[in-house]
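The structure under discussion appears below in the form of structure tokens.
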Amino acid sequence: MARFVFITGGVVSSLGKGIASASLGALLQARGYTVRLRKLDPYLNVDPGTMSPYQHGEVYVTDDGAETDLDLGHYERFTGVAAHKADNWTTGRLYLDVIAAERRGDYLGGTVQVIPHITDKIKEVIQADTDAYDFVLVEIGGTVGDIESLPFLEAMRQLANELGPQRSLFMHLTLVPYIASAGELKTKPTQHSVKELLGLGIQPQILLCRSDRPIPENERRKIALFCNVRPESVIPALDASTIYEVPIKYHEEGLDEEVLRHFGLSAYGEPDMTGWERIVHAVKQPEGEVTIAVVGKYTNLLDAYKSLSEALAHGGIAHNVKVNLDWVDSQIFESDAEAVARLEKVNGILVPGGFGERGTEGKIEAVRFARERKVPFFGICFGMQMAVIEAARNLLGIKGASSTEFGPCQEPVVGLLTEWQRGNEVERRNATGDLGGTMRLGAYPANLAEGSLVRDVYHGAASIRERHRHRYEVNVAYKDRLEAAGLRFSGMSPDGVLPEIVEYPDHPWFIGVQYHPELRSKPFDPHPLFSGFIGAAVKQARLV
Ligand code: GLN
């Protein structure tokens, strides 16, 4: 029977609750336990798929096609456990389910209310399919005190009461700020935040205290005294130079030991942290460095490309090099002819996923630069689509080559496909329906051509499965002409309808993929495309 750890946050947002949850998951695994991580988000969107990455950061996609909060990416990267649709619930999705049930007549005769109907639903989804795990970590989005998170906290309170302390634990992440004028760390915000939780009937057992400097023993004791926890359960969470050091730091501060002690599980021996130590060593003591230009649109909000920047770092870990990222707004190539000079200094060019027409001409210019100057190039999703449009325009001379994403066009090299196969079934996409939920989402197979670079990159695999999130497809009608001009379609959907991968055989490393490999990269298991790309950048760096 699974034990549940409920993770809340207080004082301010952005304290890194996702990383904290993921790190605790990793520590429990290092002690030999199995874990499942779940996230509850208090906003009304049914999923983050329709939210701007400017507001909410990247939309993370699972194998089963759910568009989820980016914290699920941290969970997967830290624990290697694949997340599912059932692991991310928003207020919107919960209400949608409850209201659908009400319309069906499931509650006929009853008054449908937040308590008990929404709270029961929350308890149900948290506990669904958890028997096979030793621990289920449930992160509650937002900050304690928000109106939106009240039903979640109430459901947690009830559930903890039902499960008893042997099977439940509350961990609260707070901030202990340093006030320069007083020259002191202040514990009052933590006290207030815990008081807020107590007012909701929740007594946290472990406090994880974010701070930019060590928390003196005296302050720890003070927090313990006022917040009603053991002094050993006041765990300092100091800023780390790399997120992959967080599990090690938490272990040194005794987090895993305190959690296990609470559950009455013997904490004899030490967890196996060698994997994490190896990663931190590679990050902190690289043997060289490469610079990759990431040519995109949302370059001023790094959270929009969270998995991407992590996957590039993983590629660096694989080669023991530091990967510097030069975030380039593609629009500079449209207004300034000299701007491409910026690309002369880099060892690789990456055009990531994106939506909408703005900045596309600049992205196409960046592709052209990479192709002509033989700079390692990696195009992801939209980046692949731009690479194909570039080839159609500049190699085939089809000047009007474009994507129907930008409106009707004469030469739809990238277009909207409304029907394709998934397994034995036909999937349909509606050209006019709601925008939410009309994309090709989740893991799909692709067959890799023999003798291709990409097959080599995937260590000889003949077929792969990767995660998708896009509405448009490269138009297979242009395949033969593009191949004759040198762009090889080296990965196709098994039915041969959807181009999945393109590459130039006469280029050191030029690959475009229709899917998002960054979503499956792990620090301890870098994605082959990212380690391949960074490997090519390392070679390029040594040549110049
Ligand atoms: N906008 C493109 C499409 O919908 C690419 C999406 C992406 O890069 N994720 O097909």
Side-chain angles (χ1 to χ4, degrees), residues 47-54 56-63 65-68 70 73 294-299 301 303-309 311 330 349-364 366-367 377-390 392 401-409 412-420 427-444 446 466-476 478 491 493 497-502 511-521 529:
D47 60 49
T50 48
M51 271 194 255
S52 159
Y54 280 124
H56 200 72
E58 151 187 281
V59 176
Y60 191 75
V61 180
T62 58
D63 277 337
E67 296 180 283
T68 73
L70 59 73
V294 182
V295 183
K297 191 166 68 170
Y298 305 129
T299 44
L301 183 77
D303 262 3
Y305 292 118
K306 195 78 219 156
S307 295
L308 180 71
S309 48
S330 61
I349 297 172
L350 190 149
V351 179
F355 291 84
E357 189 169 16
R358 189 165 58 82
T360 51
E361 293 304 320
K363 291 179 192 178
I364 292 168
V367 176
F377 173 84
F378 194 6
I380 295 180
C381 204
F382 201 60
M384 168 195 179
Q385 297 175 357
M386 294 303 109
V388 175
I389 292 174
E390 193 277 330
S402 187
S403 167
T404 55
E405 180 172 355
F406 319 139
C409 69
V413 173
V414 178
L416 189 69
L417 211 81
T418 48
E419 251 182 49
W420 70 94
E427 289 222 1
R428 289 201 172 79
R429 175 159 35 205
N430 187 344
T432 51
D434 290 345
L435 281 185
T438 59
M439 287 200 257
R440 181 147 82 105
L441 287 168
Y444 283 84
E466 293 281 1
R467 296 182 191 172
H468 291 251
R469 179 174 187 256
H470 56 105
R471 201 168 282 121
Y472 298 87
E473 310 281 348
V474 169
N475 189 342
V476 74
Y478 292 83
S493 62
V497 175
L498 307 171
E500 295 278 1
I501 305 163
V502 295
I511 294 181
V513 297
Q514 185 56 74
Y515 47 84
H516 289 276
E518 71 275 23
L519 301 176
R520 289 205 311 116
S521 190
L529 279 167

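Order of listing sets the numbers, starting from 1, for every ligand and every atom in it. Below, each value reflects all heavy atoms present in this structure, side chains not excepted, and no hydrogens, waters or symmetry copies.
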Next item on the list: Please assess Glu500 against Val513 for the test side chain to side chain contact (heavy atoms under 4.5 Å, CB included), listing each intermediate value before the final yes or no.
Entry: CA-CA 6 Å; Glu500 295 278 1; Val513 297; over 6 Å; no
Notebook entry, point to check: Salt-bridged, Glu518 to Arg469, with N to O below 4.0 Å?
Noted result: no
Notebook entry, point to check: If you count the atoms of ligand 1 from 1 in the order shown, which ones are under 4.0 Å from a heavy atom of Arg469?
Noted result: 6 (C), 7 (C), 9 (N)
Next item on the list: Please report the C-alpha distance between Ile501 and Gln514 in whole Å, then the side-chain angles of each, then the deciding distance to 0.1 Å, and finally whether the side chain to side chain contact (heavy atoms under 4.5 Å, CB included) criterion is met.
Entry: CA-CA 6 Å; Ile501 305 163; Gln514 185 56 74; over 6 Å; no
Note to self: I'd like to know if the side chain of Glu58 pairs up with that of Ser307 as donor and acceptor (distance under 3.5 Å, no hydrogens or angles considered).
What the structure shows: yes
Check: Just distances here: any N/O of Gly354 and N/O of ligand 1 closer than 3.5 Å?
Finding: yes
Checklist line | Which of the ligand 1 atoms, numbered from 1, are nearer than 4.0 Å to a heavy atom of Glu405 | finding: 1 (N), 2 (C), 3 (C)
Item checked: Salt bridge present between Arg440 and Glu473 (N-O < 4.0 angstrom) -> yes
Checklist line | Per-atom contacts, ligand 1 versus Gly353 - under 4.0 Å to a heavy atom | finding: 8 (O)
Item checked: Met439, any N or O under 3.5 Å of ligand 1 N or O -> no
Margin query: Which residue and atom name correspond to the protein heavy atom nearest atom 3 (C) of ligand 1, and how close is it?
Written below: Arg471 N, 3.4 Å
Note to self: Any heavy-atom pair between the side chains of His468 and Leu441 that's under 4.5 Å?
What the structure shows: no
Item checked: Criterion side chain to side chain contact (heavy atoms under 4.5 Å, CB included) on Gln385 and Tyr472, from CA distance to verdict -> CA-CA 9 Å; Gln385 297 175 357; Tyr472 298 87; 4.1 Å; yes
Notebook entry, point to check: Short N/O distance, under 3.5 Å, between Tyr472 and ligand 1?
Noted result: yes
Next item on the list: Report, in ascending order of atom number, the atoms of ligand 1 lying under 4.0 Å from any heavy atom of His516.
Entry: 9 (N)
Check: For atom 7 (C) of ligand 1, what is the nearest protein heavy atom, given as residue, atom name and distance?
Finding: Cys381 SG, 3.0 Å
